[in-house]
Enquirer: 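Take a look at this one; I'll ask things after.
We number each residue from 1, following the sequence as shown. Side-chain atoms are counted along with the backbone in the values below, which use heavy atoms only and exclude waters and symmetry mates.
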Amino acid sequence: MRFTFVTLFSSIVEGYFSDSIMERAKEKGLLGFDYLNPRDFTKDKHRKVDDTMAGGGAGMVMMPQPLSDALAHLKEESPQVHLIFTTPVGKPFTQKDARRLSKKSHVAFVSGRYEGIDERVIEIWADECFSIGDYILTGGELASMVMADAIGRLVPGVLGNVESLETESFESMLLEAPTFTRPKSFHNLSIPSELLKGNHSKINALKKTMALSKTKYFRPERYLKFTQRDSDEKSIY
Ligand code: SAM
């Protein structure tokens, strides 16, 4: 799967995907990362990418021409590319979106800067617009990285242990049960003893109880949905 980051500040993104799991996925040819800078598509000698806001108001807006030309270039080179715009007014990005998008061959993320992107570019080019939460970031790079990470780890082969994905939080209505590792006791707190006895049906029952309590405490709205679900819904425990 290929990710393209359309950004004025590619160095912010490059570092993150040059390490650890993502770097290994790159080496194995499972994921590819490239960058496209709208500034390379400017037509004036100052390579200007922003302009004042129409109608007045504080701050600058990303001009339509350089960004639109960059996207036209990308679309011509890769007609199947799925174009995602990052914006705080977009729909909230979820695990379901990550799973759906992990089946695409090429996804590009467009990062806004300043007060955002001229709306007409979004209207012309966006396949989807996503927000990563109800707060304002300085630019779309972090949002793009968050989404690419969540999508990339779901591409088959990227993670070693695919079983661990099944019980992860947000794969079902329940959050994942708490996890532990050695030592048995730490600061006088012990690992629940059932987890150490090797009886898998008892371990699963305990994990489900812990997942239920955790969900009820941290995400009561998900707990409520879980308790009201159709009893045929797949249980992960
Ligand atoms: N003036 C805009 C508003 O109030 O909606 C905010 C612009 S923000 C300072 C600049 C860029 O950061 C946006 O164009 C977008 O690309 C990105 N951004 C900021 N917050 C975001 C969020 N919560 N989710 C996704 N992208 C975000």
Enquirer: Quick check against the 3.5 Å criterion: does K28 have a side-chain atom that pairs as donor or acceptor with the backbone of G157?
Expert: yes

Enquirer: Walk me through it: do N199 and S201 pass the test side-chain contact (heavy atoms from CB on, under 4.5 Å)?
Expert: CA-CA 6 Å; N199 181 329; S201 65; 3.2 Å; yes

Enquirer: Determine whether Y114 and L8 make a side-chain contact, defined as any pair of heavy atoms from C-beta on separated by less than 4.5 Å.
Expert: yes

Enquirer: Do M60 and M53 make a side-chain contact, defined as non-hydrogen atoms from C-beta onward lying under 4.5 Å apart?
Expert: no

Enquirer: In Å, rounded to the nearest 0.5 Å, how long is the span from CD1 of I151 to CZ of R100?
Expert: 8.5 Å

Enquirer: Please check if atom CD in E76 has more than 12 non-hydrogen atoms from other residues, nucleotides or ligands closer than 6.0 Å.
Expert: no

Enquirer: Could you check whether any side-chain heavy atom of F170 comes within less than 4.5 Å of a side-chain heavy atom of E176, counting everything from C-beta outward?
Expert: no

Enquirer: For the pair K75 and E77, find out whether any cationic side-chain nitrogen is under 4.0 Å from an anionic carboxylate oxygen.
Expert: no

Enquirer: Transitively linked via ILVMFWY side-chain contacts under 4.5 Å: I122 with M62?
Expert: yes

Enquirer: Please step through side-chain contact (heavy atoms from CB on, under 4.5 Å) for the pair D149 and F3, ending with a clear verdict.
Expert: CA-CA 10 Å; D149 186 290; F3 291 117; over 6 Å; no

Enquirer: Is the CZ atom of F180 crowded by more than 12 outside heavy atoms at less than 6.0 Å?
Expert: yes

Enquirer: Contact between K26 and L31 at the side-chain level, heavy atoms closer than 4.5 Å - yes or no?
Expert: no

Enquirer: Report yes if some heavy atom in the side chain of L74 is under 4.5 Å from a heavy atom in the side chain of T4; otherwise report no.
Expert: yes

Enquirer: Treating Ile, Leu, Val, Met, Phe, Trp and Tyr as nodes and any side-chain heavy-atom pair under 4.5 angstrom as an edge, say whether V158 and V13 lie in one connected cluster.
Expert: yes

Enquirer: Backbone N or O of R47 within a donor-acceptor pair of the R39 side chain at under 3.5 Å?
Expert: yes

Enquirer: Is the shortest side-chain heavy-atom distance between T42 and K48 below 4.5 Å?
Expert: no

Enquirer: Between F5 and F17, is the ring centre distance below 6.0 Å?
Expert: yes

Enquirer: Looking at Y135 and P88, what are the two nearest heavy atoms and their distance?
Expert: O-CB, 4.3 Å

Enquirer: For atom CG of D134, decide whether the heavy atoms of other residues, nucleotides or ligands shown that lie under 6.0 angstrom number more than 12.
Expert: no

Enquirer: Look up atom CG in L67 and atom OG in S111, then write down how far apart they are to the nearest 0.5 Å.
Expert: 10.0 Å

Enquirer: Would you check if I191 and R182 make a side-chain contact, meaning some heavy-atom pair closer than 4.5 Å?
Expert: no

Enquirer: CG/D118 to CD1/I124 distance, rounded to the nearest 0.5 angstrom?
Expert: 8.5 Å

Enquirer: Ignoring hydrogens and geometry, is there a side-chain-to-backbone donor-acceptor pair from D127 to L83 under 3.5 Å?
Expert: yes

Enquirer: Using the six-membered ring wherever Trp is involved, compare the ring planes of F93 and F130 and label them parallel, tilted or perpendicular (cut-offs 30° and 60°).
Expert: perpendicular

Enquirer: At their closest point, which heavy atom of A72 faces which heavy atom of W125, and how far apart are they?
Expert: CA-CH2, 3.5 Å

Enquirer: What are the two closest non-hydrogen atoms of R222 and S172, and how far apart are they?
Expert: NH2-O, 2.9 Å

Enquirer: So, does S20 use its side chain to make a donor-acceptor pair with the main chain of M22 at under 3.5 Å?
Expert: no

Enquirer: Report yes or no: do T94 and D97 form a side-chain donor-acceptor pair below 3.5 Å?
Expert: yes

Enquirer: Any luck finding a side-chain donor-acceptor pair between S169 and E171 under 3.5 Å?
Expert: no

Enquirer: Going by heavy atoms in the side chains, are R113 and E141 under 4.5 Å from each other?
Expert: yes

Enquirer: Between V61 and D51, is a side-chain contact (heavy atoms from CB on, under 4.5 Å) present by the stated rule, with each step listed?
Expert: CA-CA 5 Å; V61 174; D51 209 339; over 6 Å; no

Enquirer: State whether the number of non-hydrogen atoms from other residues, nucleotides or ligands found under 6.0 Å of K184 atom NZ is greater than 12.
Expert: no

Enquirer: Treat each ILVMFWY residue as a node, draw an edge where side-chain heavy atoms are under 4.5 Å apart, and state whether I203 and L212 are in one component.
Expert: no

Enquirer: According to a hydrophobic-cluster definition based on side-chain heavy atoms being under 4.5 Å apart (Ile, Leu, Val, Met, Phe, Trp, Tyr only), do L137 and I12 belong together?
Expert: yes

Enquirer: Are L165 and M1 in one and the same hydrophobic cluster, where Ile, Leu, Val, Met, Phe, Trp and Tyr link if side-chain heavy atoms are under 4.5 Å apart?
Expert: yes

Enquirer: At their closest point, which heavy atom of S144 faces which heavy atom of T86, and how far apart are they?
Expert: OG-CG2, 3.5 Å

Enquirer: Rounded to the nearest 0.5 Å, how far apart are CG of L71 and CG of L36?
Expert: 7.0 Å

Enquirer: Could you tell me whether a side-chain N or O of R2 sits under 3.5 Å from a main-chain N or O of G32, the two making a donor and an acceptor?
Expert: no

Enquirer: Tell me whether the count of non-hydrogen atoms from other residues, nucleotides or ligands lying under 6.0 Å of NZ in K202 goes above 12.
Expert: no

Enquirer: Would you compute the distance between atom OG1 of T52 and atom CD of E115 and round it to the nearest 0.5 angstrom?
Expert: 12.5 Å

Enquirer: Between E168 and R153, is there a side-chain N and carboxylate O pair less than 4.0 Å apart?
Expert: yes

Enquirer: Taking atom OG of S18 and atom CZ of F33, what is their separation to the nearest 0.5 Å?
Expert: 8.5 Å

Enquirer: Does the T227 side chain pair with the main chain of L224, one donor and one acceptor, at a distance under 3.5 Å?
Expert: yes

Enquirer: Decide side-chain contact (heavy atoms from CB on, under 4.5 Å) for F85 and E128; before the verdict, give the C-alpha distance in whole Å, the side-chain angles of both, and the deciding distance to 0.1 Å.
Expert: CA-CA 6 Å; F85 278 64; E128 292 186 82; over 6 Å; no

